[in-house]
Amino acid sequence: MKIVSVATHVLRHQLEQAFDSAFSTFHDRWACLVEIGTDAGVVGWGECLGPAGPNAALVEAMAGRLIGRDPLDIEPIWADIYNQFRDQGQRGATMTAQSGIDIALWDIAGKHFGAPIHRLLGGAHRTSIPAYATGGFRPVGRDRVATVVEEVKGYMAAGFSATKIKIGFSVADDLALIAAVREAIGPGARLMIDANHGYDAIEAIALGNKAAHFDIDWFEEPVVPETLDAYCDVRARQPLPVAGGETWHGRLAFTQAIEKRAVDILQPDVCGCGGITEMKKIFALAETAGVRVVPHVWGTGVALAASLHMLAVLPPAPLRHGARSPWLEFDQTHNPYRQAILSTPIVQKGGRVAVPLKPGLGIDIVPEIVAQYRVGGSTSE
Ligand code: NI
Ligand code: CA
């Protein structure tokens, strides 16, 4: 089997209601999908986390090294691409682009061998994953507390028992939101807070101390991701478990965070950290060091499917009777193509999502929907 084509699809939906994270305003939903074709007719899909246009350009730049190769040479291809871009790569968009390629190769391998990716990786520890609803962004031009309270009530009504909301704007305003959300979802629901690195260490420490009595599972990205020492300060000087890792790329970045004990919970994203190949190694590093892993997920059904296979194979740590399962991060903010590109949507039922069982990623892409939202991309042959 040989790779004969590498295509990128840049998808866009302009949002009717823009929303803010701590450092950015979302006016659109963007995605970069990767589609790799073979001479056997098997097609694999992947997705890249982050800016869609630059990801597509980098995948295109890497395509020349893929055409003509056996797509089952997943590790050699990973090493070759990494090596070629190492001097100006290592982290950032080169790694997010490489992640999308790697996921597509695993999809091809699964389809070729007639097995879901989690089986190729050694088998599933679990076949369904508890999901938490990600949302609670600050709506542009609307009352933040009222809007987010209604939103999280909707998640609970839909069957979720856990949600993550966005903070990182101002300590006082964020505390008011956390209090309102905790009251709205009740004492039994799980609540996580995500600052999207909007604070400095002093603010993060203040917020964490004042928010502790709201029973919060973790405090995500309190400070900018480059400052591992600031992460350590936040961890040491406030009581909430600290989470981070969605912007860290490759084994080395995760090794550094683990060695410093910068976080309680590592959050690699399969579409960003280097793909399935690299994420499996990051899982092993985290398990060896005794650091909990809860993957980050943000994207389309392709990213969701890839993440579900990784969640299936994440080692239970510790293995015990009724071992704790990791959470699936399930973005619930508006994105009309997230599920529409799949012939069968990935849905939660009673707050749980089933791991796909069909070969490869276990999803079928609907080309007409991809075409409908496609605003860019290219095909290399
Ligand atoms: Ni819309
Ligand atoms: Ca986050």
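Atoms within a ligand are numbered from 1 in the order they appear, just like the ligands themselves. Model, not experiment: these values are computed from the prediction.
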Where the Ni ion (ligand 1) is the centre, what is the OE2-to-NE2 angle for Glu16 and His13, rounded to 10°? 100°
Rounded to the nearest 0.5 Å, what separation is found between the OG1 atom of Thr247 and the NE2 atom of His296? 9.5 Å
Presence of N, O or S from Glu246 under 3.0 Å of the Ca ion (ligand 2): yes
Note: OE2(Glu220)-the Ca ion (ligand 2)-OD2(Asp194) angle, rounded to 10 degrees, equals 80°
Could you walk me through whether Lys164 and Asp217 pass the salt bridge (Lys or Arg N to Asp or Glu O under 4.0 Å) check? CA-CA 9 Å; Lys164 186 171 80 188; Asp217 276 47; over 6 Å; no
Return yes if some donor-acceptor pair links the side-chain N/O of Arg126 with the main-chain N/O of Leu314 below 3.5 Å, else return no. yes
Determine the interplanar angle of the Tyr132 and Trp327 rings, folded into 0 to 90°, and report it as parallel if under 30°, tilted if 30 to 60°, perpendicular if over 60°. perpendicular
